[in-house]
Amino acid sequence: MRIVCIGGGPAGLYFALLMKKQNPGHTISVVERNRPYDTFGWGVVFSDATMEAMRAWDPESAAEIEDAFNHWDDIEVWFKGTRQRTSGHGFVGIGRKKLLNILQRRCEALGVELVFETDVASDLDYPDADLVIASDGFNSKIRNRYPNVFQPDLVTRPNRYIWLGTNKLYDAFTFDFRKTDHGWFQAHIYKFDDKTSTFIVETTEEAYEKHGLGQMDQQGSIDFCQDLFSEVLDGAKLMTNARHLRGSAWLNFNRLICGKWSHFNGQSHVVLMGDAAHTAHFAIGSGTKLAIDDAIELTNQFNRHGHAKEHIPAVLETYEEIRRVDVARIQNAARNAMEWFEVVGRRYADTLPPEQFMYSMLTRSQRISHENLRLRDRTWLEGYERWFATQAGATPSAERRVPPPMFTPYTMRGVTLKNRIVMSPMAMYSARDGMLDDFHLVHLGARALGGAGLVFGEMTCVSPDARITPGCLGLWNEEQAAGWKRFVDFVHGNSDAKVGIQLGHAGRKGATRLAWEGIDQPLDDGGWPLISASALPYLKNSQVPKAMDRADMDRVTADFVRATELAVTAGADWLELHCAHGYLLSSFLSPLTNTRTDAYGGDHENRARYPLEVFRAIRAVWPADRPISVRLSCHDWFEGGNTPDDAAIFARMFKDAGADMIDCSSGQVWKEEKPVYGRLFQTPFSDKIRNEIGIPTIAVGAISEADHANSVIAAGRADLCAVARPHLADPAWVLHEAARIGLTDVTWPKQYHSGKQQYETNLARAAAAK
Ligand SMILES: Cc1cc2nc3c(=O)[nH]c(=O)nc-3n(C[C@H](O)[C@H](O)[C@H](O)COP(=O)(O)OP(=O)(O)OC[C@H]3O[C@@H](n4cnc5c(N)ncnc54)[C@H](O)[C@@H]3O)c2cc1C
Ligand SMILES: Cc1cc2nc3c(=O)[nH]c(=O)nc-3n(C[C@H](O)[C@H](O)[C@H](O)COP(=O)(O)O)c2cc1C
């Protein structure tokens, strides 16, 4: 085959050398606009996994690269006068020039033609090529010639950064955070050869503007950074090698995703590779790694399908299919890490203590979990666990294992929870006339015995017409309060768990069938009239609710107050006001479901007016020593609906009204929603609200292992974790998770002690057998 790689960066060079090596019969050229040994950039970072693959594919270049590598294990964070260090993180760095020079030499040795100082205008310039590799970097001319084919989706990120270097050598990947009058700046610093370290400085657009960096020339910016980071530089100078860039040299990162990666231009197949196809933010240093992995996979596909031109379409198809998955994973992690650095100033730097700030930074990509940190640096993590437990009011002793974050106590007002796990409210559709009876006693009681610190009953409706279905729990009469009291007394008498009641009103989502008879479908018989913020049905075939008038509002507020008084009678420890999932109070908060033009519709203040009225009314009758949390849908997942920014505004309003916590859920407001699910998918909302608004939060949603909960709590992304579906699968989820992480110091019900021992022994045996 005749192959032309346009662009001689890591992607083009590595692909050329691999293909020539696999089949010396190919005629391969790499065409590069720069001169041979002339390149921008400082050091690049690889993971061990990429290095291993390079060793397998081309031991010769891998050996040279490894020789030139700088390896380091430690991460050091400079923050507010502290220097904290952890180990076991395993990075390797190499100068970009060095890397390219090794690859260029290897290409030459294998017989790849290298053409320099040629700026290629078009893929059509090579009519004899069977395959054209568009490895021409992020600004790819080749990709830009076919926007309708490749469908590039570009997002320019808000932060500014400048790539600098220094001759000071750092023995750890070092991060330095500095506060200025106009905001925080951070430096990402790593050594990549025996003379030089990369020194990237990053800040917000606002701080960049206010410091006038946009108006400064490069030397002005260098002087500014040198002054700001003088302590970590310790007299060393900063340098630039981007004199070719015009203006200030402060860049914005551009995140690129392409809808398609290959195209037949009428004479050759063209395929995107490396930065031309996708970008990953430097916060996890993966741009070069992705380029190399692309080159390996495309070669691999030729090996699988055959090194002949008739196989090119199949090769390109499977290449894209396979690489997309890995690229999406890395881009996802890079996005989390990038966002952490974008919000660090307004979210973490002024709120988290240095120890927790460090933990939050280490877990910023959300790919490194608590147990993963233990594997990397047990001593550091145990020190952190001790610090966390002490802050939480636990008294770690020398003889006992320090409880991991999820198992530390938590106090709100006069209520102390023994651990951070909440059994999340879950409708069971199994009540008659709203009564909590035997089913609920056994169901909820089992979860209380199963170790959760706080057990919520399902959404409990404040009047018969507030119910979602005829099977929902209610709290509008003394008999129902007595049913609740029986359950509360059981829990208080047989466990050290606390009981929460979630009060709600179904609004426009009421009068529907039991879940297993058709979720959200209107009742055929026995339905009741519905009310909502506006007269909008939930489904096309749902009943049209009445838009509430003042009299309706007064009646419903009185119902919430009566239910709260009954919850006091029942002896519940905790109350939650359900303002999420499209039910009545949520229907006021979302602009999708609230189209009112009076004082209860329009801006945030108006939309929150009625939910806040209800909140204040129940707070007034709920005992001062007991907490009230508020559940919000922090994202409507639909254009024109609430976003996390709106949720943060509502959270502040509830905080000001006396709410103790925000329970950060999302969705179920609008039927056409497009949620993005995944592990911990709602935790970012909790993180934002807790750390930007300064109110404690409950995180919920796909938290299904102790490792998840420990990471979330330890990083300060939430104060409590609510766990729903895993509790349906396993009433003793908390006790079992404790055993799984080897924590034997957790109290099981005294009746179950012999089961505990056997369970722990079996787990230990299974672990040893592995
Ligand atoms: C200024 C800058 C500094 C960077 N520094 C680092 C760093 O220190 N560490 C790190 O991990 N990552 C760094 N990156 C990111 C990293 O370089 C990329 O993720 C990685 O190099 C991607 O490899 P690639 O081969 O796909 O693209 P590139 O490395 O961008 O290579 C593309 C090549 O194509 C050439 N080219 C472009 N257009 C044409 C044309 N029309 N004709 C001929 N040749 C053309 C370019 O000159 C270039 O050599 C940096 C990026 C930039 C923009
Ligand atoms: C069967 C079922 C019923 C639910 N009922 C309620 C409810 O009554 N009130 C509420 O706020 N959330 C309810 N939810 C949502 C859960 O509380 C929780 O937010 C959601 O399931 C995500 O958590 P998970 O990933 O741990 O399951 C329900 C979820 C399930 C699976």
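Note that ligands are numbered from 1 as they come in the structure, with each ligand's atoms numbered from 1 the same way. As the structure is a prediction and not an experimental result, all values here were calculated from the model. No hydrogens, no waters, no symmetry mates; every other heavy atom, side chains included, goes into these values.
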Determine whether the side chain, the backbone, both or neither of [X] has a heavy atom under 4.0 Å from any heavy atom of ligand 1.
X	result
A11	both
S135	backbone
T288	both

Among pairs that include at least one residue of residues 271-282, which meet salt bridge (charged side-chain N to carboxylate O under 4.0 Å, His left out), considering only residues two or more places apart or in two chains?
-> none
The one among [options] that brings a heavy atom closest to [atom]:
atom	options	result
atom 14 (N) of ligand 1	F15, F282, Y190, W163	W163
atom 21 (O) of ligand 1	K289, E32, R96, E117	R96
atom 18 (C) of ligand 1	D275, V31, V30, I6	D275
atom 19 (O) of ligand 2	R631, M426, R725	R631

Among all protein heavy atoms, pick out the one at the shortest distance from [atom]; state its residue, atom name and that distance to 0.1 Å.
atom	value
atom 1 (C) of ligand 2	A427 O, 3.9 Å
atom 7 (C) of ligand 2	P425 O, 3.5 Å
atom 9 (N) of ligand 2	Q502 OE1, 2.9 Å

So is T198 in contact with ligand 1, going by heavy-atom distances below 4.0 Å?
-> no
Taking the non-hydrogen atoms of T118, is any one of them nearer than 4.0 angstrom to ligand 1?
-> yes
Residue portion contacting ligand 2 (non-hydrogen atoms closer than 4.0 Å) for S704 | neither
Determine whether the side chain, the backbone, both or neither of Q682 has a heavy atom under 4.0 Å from any heavy atom of ligand 2.
-> neither
Less than 3.5 Å between some nitrogen or oxygen of [X] and one of ligand 2, yes or no?
X	value
L728	no
A724	yes
H578	yes
I703	no

Return yes when [X] approaches ligand 2 closer than 4.0 angstrom through a heavy atom, no otherwise.
X	value
A702	yes
V700	yes
H727	no

To the nearest 0.5 Å, what is the distance between [atom1] on [X] and [atom2] on [Y]?
X	Y	atom1	atom2	value
Q331	L290	CD	CG	7.0 Å
T198	D193	OG1	CG	9.0 Å
D719	S686	CG	OG	7.5 Å

Using 4.0 Å as the upper bound for N to carboxylate O, is an ion pair formed by E117 and R35?
-> no
Between K141 and D119, is there a side-chain N and carboxylate O pair less than 4.0 Å apart?
-> yes
Nitrogen or oxygen of G12 less than 3.5 angstrom from that of ligand 1 = no
So, is F138 polar-close to ligand 1, with some N/O to N/O distance under 3.5 Å?
-> no
By side chain to side chain contact (heavy atoms under 4.5 Å, CB included) - contacts of Q366 (at least two apart) | N336, L680, R717
Are Q521 and T512 close enough, and set up right, to give a side-chain contact (heavy atoms from CB on, under 4.5 Å), and what steps lead you there?
-> CA-CA 5 Å; Q521 292 301 323; T512 62; 5.8 Å; no
